[in-house]
Protein chains: 2
Amino acid sequence: MSQENLVSIPFVFEQPCPIRDVLDRIGDQWSLLILQVLEHGTMRFSEIERAITDISKQMLSKTLRRLEEDGFVRRTLYPEVPPRVEYELTDLGRSFLVPMKRLIAWANENHRAICEARGEYGVKNGGR
Amino acid sequence: MSQENLVSIPFVFEQPCPIRDVLDRIGDQWSLLILQVLEHGTMRFSEIERAITDISKQMLSKTLRRLEEDGFVRRTLYPEVPPRVEYELTDLGRSFLVPMKRLIAWANENHRAICEARGEYGVKNGGR
DNA sequence: GGTCAAGGTCTAGTTTGTAGACCTGATCAG
DNA sequence: CTGATCAGGTCTACAAACTAGACCTTGACC
């Protein structure tokens with residue numbers, strides 16, 4: 001119960017931790033996907049919606065607002081009727097894509113290995 | 001409703017999409033954090049638990065099992081009493097850390113910019 | 001007057017995550 | 001002989017997050 005337990009763990013995450021702060025926002029179902037879609041250029045709400053076929057309007061709206069809030073995305077509203085809203089990456093958003101694309105490349109390269117691992121796990125633990 | 005809508009969107013995500021398949025698993029609240037913690041070497045369940053102070057046992061257990069299933073992590077059970085279980089990264093897991101560490105570095109470098117963006121957003125939209 | 005935009009919001013219902021009690025079974029203190 | 005303790009979970013309530021789909025707005029068109 002005392003601090004002694006903690007001595008052996010030198011890397012407890014501090015609570016205002018930049019990594020966690022960023023990853024908690026980015027690391028959700030949709031953010032990475034939306035950023036990747038927006039790499040193709042300025043897009044309207046419904047275009048993004050159709051690009052990511054299985055996102056709900058609510059989550060798209062919410063996630064875009066968060067990405068805007070964090071400075072990854074710029075939202076431009078053209079007050080026409082029906083309204084037109086365009087989303088595009090900011091410089092920050094674009095710079096984020098650099099490390100992220102490496103991650104995506106890794107995902108592509110290692111997808112087979114992951115699928116195989118799943119298969120083996122299933123064989124070993126499937127009959128539990 | 002016909003295909004014509006889709007013509008203008010050349011990059012709809014296919015459903016068995018490697019990127020999505022990998023990111024959907026990795027991109028959750030905890031996976032990235034756990035992988036990063038395990039970079040420090042083999043660790044026991046409770047050590048990971050204490051490193052990530054605010055994860056629930058259930059989620060730790062569940063996430064570790066998924067990481068094991070996908071081949072990122074190896075689990076070794078020593079059938080003692082009380083039981084000892086050790087987790088360590090596999091080669092796949094370690095190779096994933098390469099692109100991931102770039103992402104973490106980006107997070108560290110740009111955390112300030114993100115916080116500033118949040119501040120500005122708050123000023124502009126806080127009094128809504 | 002009814003319908004159709006686009007970009008959302010609102011509501012109800014499902015899924016996912018949380019906190020914390022409980023389980024196991026050998027060991028040890030009283 | 002009781003019962004407390006250890007690690008690594010699981011189980012059970014409850015709370016938060018997500019989903020599908022109805023609805024809203026406001027001009028233009030039929």
Side-chain angles (χ1 to χ4, degrees), chain A residues 1-2 4-6 8-9 13 15 20 23-34 37-38 42-69 73-88 125 128, chain B residues 1-2 4-6 8-9 13 15 20 23-34 37-38 42-69 73-88 125 128:
Chain A
M1 280 301 173
S2 66
E4 283 150 283
N5 284 331
L6 300 174
S8 60
I9 301 176
F13 286 108
Q15 226 39 24
R20 292 210 50 175
L23 291 187
D24 279 3
R25 297 260 185 162
I26 283 309
D28 69 350
Q29 189 79 193
W30 304 116
S31 298
L32 291 171
L33 237 34
I34 291 175
V37 164
L38 281 176
T42 300
M43 288 183 73
R44 303 180 61 166
F45 186 90
S46 52
E47 284 180 306
I48 305 173
E49 195 177 3
R50 269 173 293 149
I52 305 174
T53 52
D54 54 346
I55 191 171
S56 66
K57 277 165 175 280
Q58 195 172 67
M59 281 316 291
L60 181 54
S61 167
K62 208 167 171 176
T63 309
L64 280 171
R65 211 174 313 118
R66 258 198 351 210
L67 291 174
E68 189 198 353
E69 190 178 342
V73 157
R74 180 166 25 255
R75 177 182 188 272
T76 314
L77 164 69
Y78 300 88
E80 309 164 354
V81 170
R84 184 157 60 95
V85 180
E86 289 187 345
Y87 293 90
E88 62 185 320
N125 306 68
R128 52 141 172 82
Chain B
M1 279 301 170
S2 67
E4 282 150 285
N5 285 331
L6 300 173
S8 61
I9 300 175
F13 286 108
Q15 226 40 25
R20 293 210 50 176
L23 292 187
D24 279 3
R25 297 261 186 160
I26 283 309
D28 68 350
Q29 189 79 192
W30 303 116
S31 297
L32 290 172
L33 238 35
I34 292 175
V37 164
L38 282 177
T42 299
M43 289 183 72
R44 302 179 60 164
F45 187 90
S46 53
E47 285 180 305
I48 305 174
E49 194 177 4
R50 268 173 295 152
I52 305 173
T53 52
D54 55 346
I55 191 171
S56 65
K57 276 164 175 277
Q58 194 173 67
M59 282 316 290
L60 180 53
S61 167
K62 207 167 171 176
T63 309
L64 280 171
R65 211 172 314 119
R66 257 201 348 214
L67 290 174
E68 190 199 353
E69 191 179 341
V73 158
R74 181 168 23 256
R75 177 181 187 272
T76 313
L77 165 69
Y78 299 88
E80 307 164 355
V81 171
R84 185 158 58 94
V85 180
E86 290 187 343
Y87 293 91
E88 63 184 320
N125 306 67
R128 50 139 176 89

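FYI, side chains are in, hydrogens and waters are out, and symmetry mates aren't considered; it's all heavy atoms of this structure. Order of the sequence lines fixes the chain letters, A, B, ..., with proteins taken first and strands second; residue numbering starts at 1 for each chain.
- In the set D/dA20, C/dG8, C/dT18, D/dA20 carries the atom at the smallest distance from any side-chain atom of A/S56.
- Comparing C/dT9, D/dT26, C/dT18 by their closest approach to the side chain of A/V81 singles out D/dT26.
- Counting only distance, with no hydrogens or angles, the side chain of A/R25 and the backbone of A/R66 share no donor-acceptor pair below 3.5 Å.
- Contact annotation for B/Y87: backbone-only contact, meaning every heavy-atom pair under 4.0 Å involves sugar-phosphate atoms and none involves a base.
- Distances were taken from every side-chain heavy atom of A/R44 (C-beta onward) to each of C/dA5, C/dG7, D/dG8; the shortest belongs to C/dG7.
- Between C/dG7 and A/R50, no contact under 4.0 Å exists linking OP1 or OP2 to a side-chain N or O.
- Between A/S61 and the phosphate of C/dT9, there is a side-chain N or O to OP1/OP2 separation shorter than 4.0 Å.
- A donor N or O paired with an acceptor N or O is found under 3.5 Å between the base of D/dT12 and the side-chain atoms of B/Q58.
- Between the CG atom of B/L77 and the P atom of D/dA7 there is a distance of 15 Å, given to the nearest Å.
- What separates CD1 of B/I52 from P of C/dA19 is a distance of 14 Å, to the nearest Å.
- Per the geometry, CG belonging to B/L60 stands 17 Å off C1' belonging to D/dC11, to the nearest Å.
- OP1 or OP2 of C/dT18 lies within a sub-4.0 Å distance of a side-chain N or O belonging to B/W30.
- We find that A/D28 and A/K62 are not joined by a salt bridge, their nearest charged nitrogen and carboxylate oxygen being 4.0 Å or further apart.
- Side-chain contact between A/E88 and A/E86 is absent, with no heavy-atom pair separated by less than 4.5 Å.
- Dashed line: the shortest gap from a side-chain N or O of A/S46 to OP1 or OP2 of C/dA6 is not under 4.0 Å.
- When the C1' atom of C/dC4 is taken as reference, atom CD of A/E80 falls 16 Å away, rounded to whole Å.
- The side chain to side chain donor-acceptor pair (under 3.5 Å) search around A/S61 returns A/R65, not counting sequence neighbours.
- Nearest-nucleotide mapping onto DNA chain C: of B/K57 and B/K62, the residue sitting toward the 5' end is B/K62.
- Distance CG (B/D28) to C1' (C/dT18): 15 Å, rounded to an integer number of Å.
- Protein atom CG of B/D54 is 13 Å distant from nucleotide atom C1' of C/dA19, rounded to whole Å.
- Minimum atom distance to the side chain of B/R84 is reached by D/dG8, of the listed D/dT19, D/dG8, C/dG7.
- B/L64 has its side chain out of reach of B/R75: every pair of non-hydrogen atoms, C-beta onward, lies at least 4.5 Å apart.
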